J.: 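There's a structure below that I have some questions on.
Heads up: numbering here begins at 1 and tracks the sequence. This is a predicted model, so every value here is computed, not measured.
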Amino acid sequence: MSFKILPKAALSEWIARLLTTHRVVGPRPFHDRFIFDEITSPEDVHLAYPTTLLPPKKYLLPQREELLRFDLKTGTLEPVLDAQPTILLGVHTCDLHAIQLLDRVFNNTYVDQHYNARREALTIVSVECLSPCTEFSFCKSMGTLSVTEGYDLHLTDMGEDYAVDVGTEKGAALLEGVEAVRDATSADYERLNRTLSEKWPRFPYRLEADVSDLASLLSVSYDSDLWEELGQRCLGCGSCTMVCPTCYCFNVVDEVDFTLNAGRRYRHWDGCPLQEFAVVAGGHNFRKTNAARQRHRFFRKGKYQMDAHGLVGCVGCGRCGEVCLVHINPVDTFNELARRRVPVSRRHQEALT
């Protein structure tokens, strides 16, 4: 829509203003790390943070979420919807791409009213990443280092000022009445272009295969020995999926009170690396080995989401590689698959197409 300039000296005043009308969630220190958490004062916010332990998706898909309440005695069934107006401040571009994927997932075929209630009440203020978050990040390789949509406001640090890309009318409303905000000039545009052009060399390409080639790479690697090797290392702890910004699998649990007349239904995060994830009626586990579960996990990231929704299922945030106790990470996995790629026969290629 337009570009504005917000002086850094006015940032605290602006955040304090937002706190009077909204719940504001942003990156704040937690011991020696950072987390997205509700803030109570501008001093809580640290926009120049590396990355967070958990992605901001927890404010769209909470770890434990009440879905409905029921009463068999009265015959009532009441959905529980959380639509508290919330500003999600300081979202990195990789996490913003993840939210765009979740938007498609929860509105494709089956519309999730609980997700959408939170999404409609959410205003996203994202920030441009100007240097890699950690040694595990590979957002440039996944095409998630920049964004052109999906935000209400997008901030770029230009030294003494933030360039503010106003993406929606809802975002524009957050700037109304802030006297320090001004329209961008041609000199500001030059500063912004210089800032953005200088950032790209700081981010290395880490994948040996292009992101557009991942789906075909995985297709010819279904029987790769690498899956068994990863399975022998994997502890099945599920840490990788718990910190992933694009994982959305959940389990549903009913809790009935002691009278057996009323209760509540919840859903909570679940993950395909966990042994019990694929257990079905009769005790059959259709992915009973770590190798099968690791293969499924990486196919979800590099192929299945692209096939279903047209967006890559891994945004290169690097969280999973950082928390994995046995050092399994997407970069090493995809690169090793590329090195072991077996030439595809014509018959196999025809089968794939």
J.: Just do the side chain to side chain donor-acceptor pair (under 3.5 Å) check on Asn251 and Tyr266 with the steps written out, would you?
T.: CA-CA 8 Å; Asn251 191 17; Tyr266 296 89; over 6 Å; no
J.: I need the Gln63 CD to Leu54 CG distance, nearest 0.5 Å.
T.: 5.5 Å
J.: If you take the centroid of each ring, where Trp contributes its six-membered ring, are His92 and Tyr49 closer together than 6.0 Å?
T.: yes
J.: Compute whether any side-chain donor of one residue and acceptor of the other, for Asn290 and Arg293, lie under 3.5 angstrom apart.
T.: yes
J.: With a 3.5 Å cut-off and no angle check, do the side chains of Ser137 and Arg206 form a donor-acceptor pair?
T.: no
J.: Does the Asp188 side chain pair with the main chain of Ala163, one donor and one acceptor, at a distance under 3.5 Å?
T.: no
J.: Does the side chain of Tyr59 reach to within under 4.5 Å of the side chain of Ile99, using non-hydrogen atoms?
T.: no
J.: Ser197 and Asn193: side-chain donor and acceptor closer than 3.5 Å?
T.: no
J.: What heavy-atom pair brings Lys57 and Pro245 nearest, and what distance separates the two atoms?
T.: CD-O, 3.6 Å
J.: Using the rule given for salt bridge (Lys or Arg N to Asp or Glu O under 4.0 Å), can you reason through Asp183 versus Lys4, listing the C-alpha separation, both sets of side-chain angles and the distance that settles it, and then say yes or no?
T.: CA-CA 5 Å; Asp183 293 332; Lys4 303 289 185 179; 2.3 Å; yes
J.: Using a strict cut-off of less than 4.0 Å between a Lys/Arg side-chain nitrogen and an Asp/Glu carboxylate oxygen, indicate whether Arg319 and Asp95 qualify as a salt bridge.
T.: yes
J.: Among Leu6, Val166, Leu174, whose side-chain contact (heavy atoms from CB on, under 4.5 Å) with Val181 holds?
T.: Leu6
J.: Can you check whether Asp165 reaches Glu128 side chain to side chain, under 4.5 Å on heavy atoms?
T.: no
J.: Any heavy-atom pair between the side chains of Val323 and Met242 that's under 4.5 Å?
T.: no
J.: Looking only at the side chains, is there a donor atom on one of Thr168 and Asp152 sitting less than 3.5 Å from an acceptor on the other?
T.: yes
J.: Answer yes or no: is there a side-chain heavy-atom contact under 4.5 Å between Leu207 and Asn335?
T.: yes
J.: Got more than 12 heavy atoms from elsewhere within 6.0 Å of CZ, Phe286?
T.: yes
J.: Is it the case that one hydrophobic cluster holds both Ile124 and Val45, taking links as side-chain heavy atoms less than 4.5 Å apart, direct or via other members?
T.: no
J.: For residues Leu217 and Trp227: do they belong to one hydrophobic cluster (side chain heavy atoms under 4.5 Å, members Ile, Leu, Val, Met, Phe, Trp, Tyr)?
T.: yes
J.: Does Ile87 share a hydrophobic cluster with Leu61, counting links as ILVMFWY side-chain heavy atoms below 4.5 Å and allowing steps through other members?
T.: no
J.: So Arg287 and Arg295, do their side chains get closer than 4.5 Å, heavy atoms only?
T.: no
J.: Would Arg267 and Glu65 pass as an ion pair if we require N to O under 4.0 Å?
T.: yes
J.: Using a 6.0 Å cut-off, check whether atom CD of Glu160 has over 12 heavy atoms from anything other than its own residue.
T.: no
J.: Is Arg265 atom CZ crowded by more than 12 heavy atoms from other residues, nucleotides or ligands, each under 6.0 Å away?
T.: no
J.: Answer yes or no: is there a side-chain heavy-atom contact under 4.5 Å between Arg233 and His327?
T.: yes
J.: Val80 versus Arg69: any side-chain heavy-atom pair under 4.5 Å?
T.: yes
J.: Does Gln275 CD have over 12 foreign heavy atoms under 6.0 Å away?
T.: no
J.: Are there over 12 heavy-atom neighbours, none belonging to Lys288, within less than 6.0 Å of that residue's NZ?
T.: no
J.: Is there a continuous path of hydrophobic side-chain contacts, each under 4.5 Å between heavy atoms, that joins Val111 to Tyr115?
T.: no
J.: Flag the pair Pro273 / Cys240 as yes when at least one side-chain heavy-atom distance between them is below 4.5 Å, and no otherwise.
T.: yes
J.: Do Tyr205 and Val211 sit in the same hydrophobic cluster, where Ile, Leu, Val, Met, Phe, Trp and Tyr count as joined when their side-chain heavy atoms come under 4.5 Å apart?
T.: no
J.: Before giving the answer on salt bridge (Lys or Arg N to Asp or Glu O under 4.0 Å), spell out for Arg339 and Glu336 the whole-Å C-alpha distance, their side-chain angles and the decisive distance to 0.1 Å.
T.: CA-CA 5 Å; Arg339 297 184 194 109; Glu336 186 60 26; 2.9 Å; yes
J.: How are the rings of Tyr304 and His296 set relative to one another: parallel (under 30°), tilted (30 to 60°) or perpendicular (over 60°)?
T.: tilted
J.: Assess whether side chain to side chain contact (heavy atoms under 4.5 Å, CB included) is satisfied between Cys133 and Glu322, documenting all intermediate values.
T.: CA-CA 11 Å; Cys133 292; Glu322 188 171 7; over 6 Å; no
J.: Please report the closest heavy-atom contact between Cys234 and Gln294, naming both atoms and the distance.
T.: SG-NE2, 3.4 Å
J.: Crowded around Glu13 CD? As in, over 12 foreign heavy atoms under 6.0 Å?
T.: no
